[in-house]
Amino acid sequence: MGVNVRGRSFLTLLDYSPEEIRYLLDLAKEFKRMKHAGTLHEYLRGKQVVLLFEKTSTRTRCAFEVAARDLGMGVTFLDPASSQMGKKESLADTAKVLGRMFDGIEYRGFGQAIVEDLAKYSGVPVWNGLTDEFHPTQMLADILTCEEEFGDMRGRKLTFFGDARNNVANSLMVVCAKLGINFCACGPKELMPAKELVEKCQEAAKASGAQIILTDDIREGAQGADVLYTDIWLSMGEPAQLWESRIKLLRPYQVNAEVMKMAKPSAIFLHCLPSFHDRETTIGEEIYQKFGLEAMEVTNDVFLGPQARQFDEAENRMHTIKAVMYATLK
Ligand code: CP
Ligand code: NVA
C-alpha cells in the first residue's frame with residue numbers, strides 16, 4: 001500500500017513511520033530536481049497557509065514562504081509583535097480562528113504542548129517549525145544532505161557534539177533511530193537527552209538496526225563518524241545568564257580540526273545554523289570580549305573547510321519543507 005500522510009500534522013518525527021519519512025525525503029528530492037530545472041510546480045494553487053513565529057528565524061521562515069509560493073499558495077506571516085497571539089488571545093482561540101481561514105499552519109515557539117494544541121484546536125495540518133523539544137523539519141533537510149553525500153545512510157554513524165538534549169539533538173536521535181542510522185550524542189553528562197526519549201528511540205532503533213550511543217568521550221564520538229553535527233550552545237528561549245556555565249561545560253566539545261581528524265576522512269560537517277564560528281555577530285563578539293573565545297561550537301576553519309555542507313543543508317530546508325506541506329495538503 002502506498003504511503004499517505006494527507007491531512008496529517010507534522011509535529012514530531014516520533015509520529016512518523018520510517019516509510020513515511022522515506023516518502024517525504026523522496027518527494028523532497030523530486031521537488032529539488034524540479035526547482036533546479038525551472039519546472040513550475042504550483043500544485044496547491046488556491047490554498048492558504050499561515051506561519052506563526054514566537055521565536056526568530058531566517059531559514060525556516062524563508063523556506064516555508066518560498067516553498068508555499070512555489071506550490072502556488074498564499075502565505076501570511078504572524079509574530080507576537082504584530083498579532084493578538086499570546087498577549088490578548090490564547091493559542092487555542094488563535095488556532096480556532098486560523099483553522100477557519102487557512103489550510104495549514106506552521107508554528108515556531110516554545111513548548112511542544114503548544115504545537116500539539118494548535119493541531120488539536122485548528123482542525124488543519126500543523127507543522128512544527130521548532131519547539132523547545134523538537135525540530136522535525138530540520139531533520140529531513142539534514143538526512144537529505146547526508147544522502148546526497150553518501151547515498152544510503154543505513155549503518156553509517158552520525159555524531160552530535162554539544163548540547164545533546166536540545167531540540168536539534170533530540171530530533172536527530174529520533175530520525176536516526178527510525179532510519180537505521182547509528183546516532184551518537186557526544187557531550188557532558190549534564191546535557192544528555194532525557195531518559196524517556198532515549199528509551200523511545202531505542203525501541204525504534206531495535207526495529208531499524210540503528211545503534212544509539214551516549215558518551216562524554218570526544219574520541220569515541222568522533223571515531224568512525226561519517227557526519228559530525230553541532231548546534232549553538234545556548235538555544236533560543238534560554239536565559240543569557242547561562243552562557244558562562246554552558247561554555248564551561250561545552251568548550252571541550254567544540255568541533256575543530258583535531259576532532260574532524262579523528263572521524264573518517266570522508267566525513268562531512270553539518271550545522272542547522274545559525275552558528276557562532278567567528279566574531280562576526282553581536283553575540284559572537286560579546287562572548288569573545290567576555291570569555292576570549294574566537295569561536296564557539298565550531299571553529300572557522302572547519303566551518304569554511306572542504307568537509308562543510310551546512311549551506312547545502314540550509315537550501316535543503318526549502319525542498320523538504322515543500323515536501324511536507326505538499327504531502328499533508330494535497
Ligand atoms: N536552522 C534553523 O531553523 O534556522 P532558523 O532559526 O534561521 O530558522
Ligand atoms: N537549538 C537551536 C536551533 C536553532 C535552529 C535553538 O533552538 O535556538
Side-chain angles (χ1 to χ4, degrees), residues 2-3 5 10 13 16-37 39 41 59 63 67 135-161 168-169 171-186 201 204-213 221-231 255 259-273 298 302-303 305-324 326-327:
V3 171
V5 297
F10 188 77
L13 285 171
Y16 274 67
S17 70
E19 294 72 28
E20 288 164 347
I21 298 171
R22 183 73 262 148
Y23 164 74
L24 292 172
L25 286 166
D26 291 342
L27 198 54
K29 283 180 190 171
E30 183 56 17
F31 276 128
K32 184 169 184 174
R33 196 193 55 72
M34 283 194 271
K35 179 82 176 178
H36 285 196
T39 309
H41 43 279
R59 274 147 294 274
H135 196 5
T137 63
Q138 178 73 50
M139 297 307 113
L140 298 178
D142 298 347
I143 302 303
L144 177 58
T145 312
C146 291
E147 290 184 351
E148 286 172 344
E149 188 71 28
F150 299 114
D152 193 346
M153 278 296 289
R154 279 174 297 183
R156 291 194 181 263
K157 177 179 175 183
L158 183 151
T159 300
F160 179 90
F161 291 89
V168 169
S171 292
L172 280 170
M173 181 166 67
V174 176
V175 78
C176 288
K178 294 243 173 186
L179 297 184
I181 302 165
N182 299 324
F183 175 76
C184 178
C186 185
C201 290
K206 232 188 265 165
S208 73
Q211 276 184 352
I212 295 174
I213 304 154
Q223 262 175 0
D226 297 283
V227 182
L228 292 91
Y229 197 121
T230 190
D231 184 11
V255 178
V259 176
M260 291 302 293
K261 261 195 229 117
M262 294 179 202
K264 283 189 187 162
S266 57
I268 59 168
F269 169 77
L270 291 184
H271 193 310
C272 56
L273 304 176
V298 54
V302 171
F303 193 85
Q307 289 162 286
R309 297 289 182 275
Q310 68 277 9
F311 294 110
D312 297 317
E313 185 185 6
E315 177 192 327
N316 285 338
R317 297 295 309 287
M318 202 277 287
H319 307 299
T320 45
I321 281 171
K322 191 181 284 174
V324 171
Y326 175 73

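Closest of all the heavy-atom pairs between Ile212 and Ala205 is CD1-CB, 4.1 Å. Minimum interatomic distance between Thr137 and Thr320 (heavy atoms only, all atoms of both residues): O-OG1, 4.2 Å. Nearest heavy-atom pair across Gln307 and Ala267 is NE2-O, 3.1 Å. Smallest separation of non-hydrogen atoms from Ala177 and Ser208: O-OG, 2.5 Å. Taking all atoms of both residues into account, the shortest heavy-atom contact from Ala28 to Ala323 is N-CB, 3.7 Å. Of all the heavy atoms in Gly221 and Cys184, the pair that sits closest is CA-SG, 3.8 Å.
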Trace of the side chain to side chain contact (heavy atoms under 4.5 Å, CB included) decision for Asp231 with His271: CA-CA 6 Å; Asp231 184 11; His271 193 310; 4.1 Å; yes

Derivation of the salt bridge (Lys or Arg N to Asp or Glu O under 4.0 Å) call for Lys32 and Glu148: CA-CA 12 Å; Lys32 184 169 184 174; Glu148 286 172 344; 2.8 Å; yes

Full working for side-chain hydrogen bond (donor to acceptor under 3.5 Å, both in side chains) between Tyr229 and Glu313: CA-CA 11 Å; Tyr229 197 121; Glu313 185 185 6; 3.3 Å; yes

Pair Asp142-Val175, side chain to side chain contact (heavy atoms under 4.5 Å, CB included): steps then yes or no: CA-CA 10 Å; Asp142 298 347; Val175 78; over 6 Å; no

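Side-chain contact between Val298 and Phe161: absent, with no pair of heavy atoms (C-beta onward) separated by less than 4.5 Å. Glu149 places none of its side-chain heavy atoms less than 4.5 Å from the side chain of Thr145. At a threshold of 4.5 Å between non-hydrogen side-chain atoms, the residues Lys29 and Leu144 count as touching. Contact check for Ile143 versus Ile181: side-chain heavy atoms found under the 4.5 Å cut-off. Put simply, the side chain of Thr230 reaches to within 4.5 Å of the side chain of Phe269, judged on heavy atoms. No side-chain heavy atom of Met139 sits less than 4.5 Å from a side-chain heavy atom of Val174. Annotation: side chain of Met153 is not in contact with side chain of Leu179 (no heavy-atom distance under 4.5 Å). In this structure the side chain of His319 reaches within 4.5 angstrom of the side chain of His36, judged on heavy atoms.
With hydrogens and angles disregarded, a donor-acceptor distance shorter than 3.5 Å links the side chain of Gln310 to the backbone of Phe303. Listed for the Ser171 side chain is no donor-acceptor partner under 3.5 Å among the backbone atoms of Val168. Formation of a donor-acceptor pair under 3.5 Å by the Asn182 side chain with backbone atoms of Gly155 is found in this model. Panel note: side chain Thr159, backbone Ala222; no donor-acceptor pair is recorded below 3.5 Å.
Arg33 and Glu30 are joined by a salt bridge, as a carboxylate oxygen and a charged side-chain nitrogen come within less than 4.0 angstrom of each other.
Atoms CD1 and CG, on Ile321 and Asn316 in that order, are 11.0 Å from each other to the nearest 0.5 Å. The CD atom of Glu20 sits 10.5 Å away from atom CG of Leu13, with the distance rounded to the nearest 0.5 Å. Separating the OG atom in Ser17 from the NZ atom in Lys178 is a distance of 7.0 Å, to the nearest 0.5 Å.
The side chain to side chain contact (heavy atoms under 4.5 Å, CB included) search around Ala327 returns Val5, Tyr23, Leu24, Leu27, not counting sequence neighbours. In this structure, Lys157 has no salt bridge (Lys or Arg N to Asp or Glu O under 4.0 Å) partners at least two apart in sequence or on a different chain.
Contacts classified as side chain to side chain donor-acceptor pair (under 3.5 Å) and involving residues 260-269 (residues at least two apart or in different chains) are given here: Asp226-Lys264.
Note on ring orientation: taking the six-membered ring where Trp is involved, the planes of Phe10 and Tyr16 are perpendicular (angle over 60°, cut-offs 30° and 60°).
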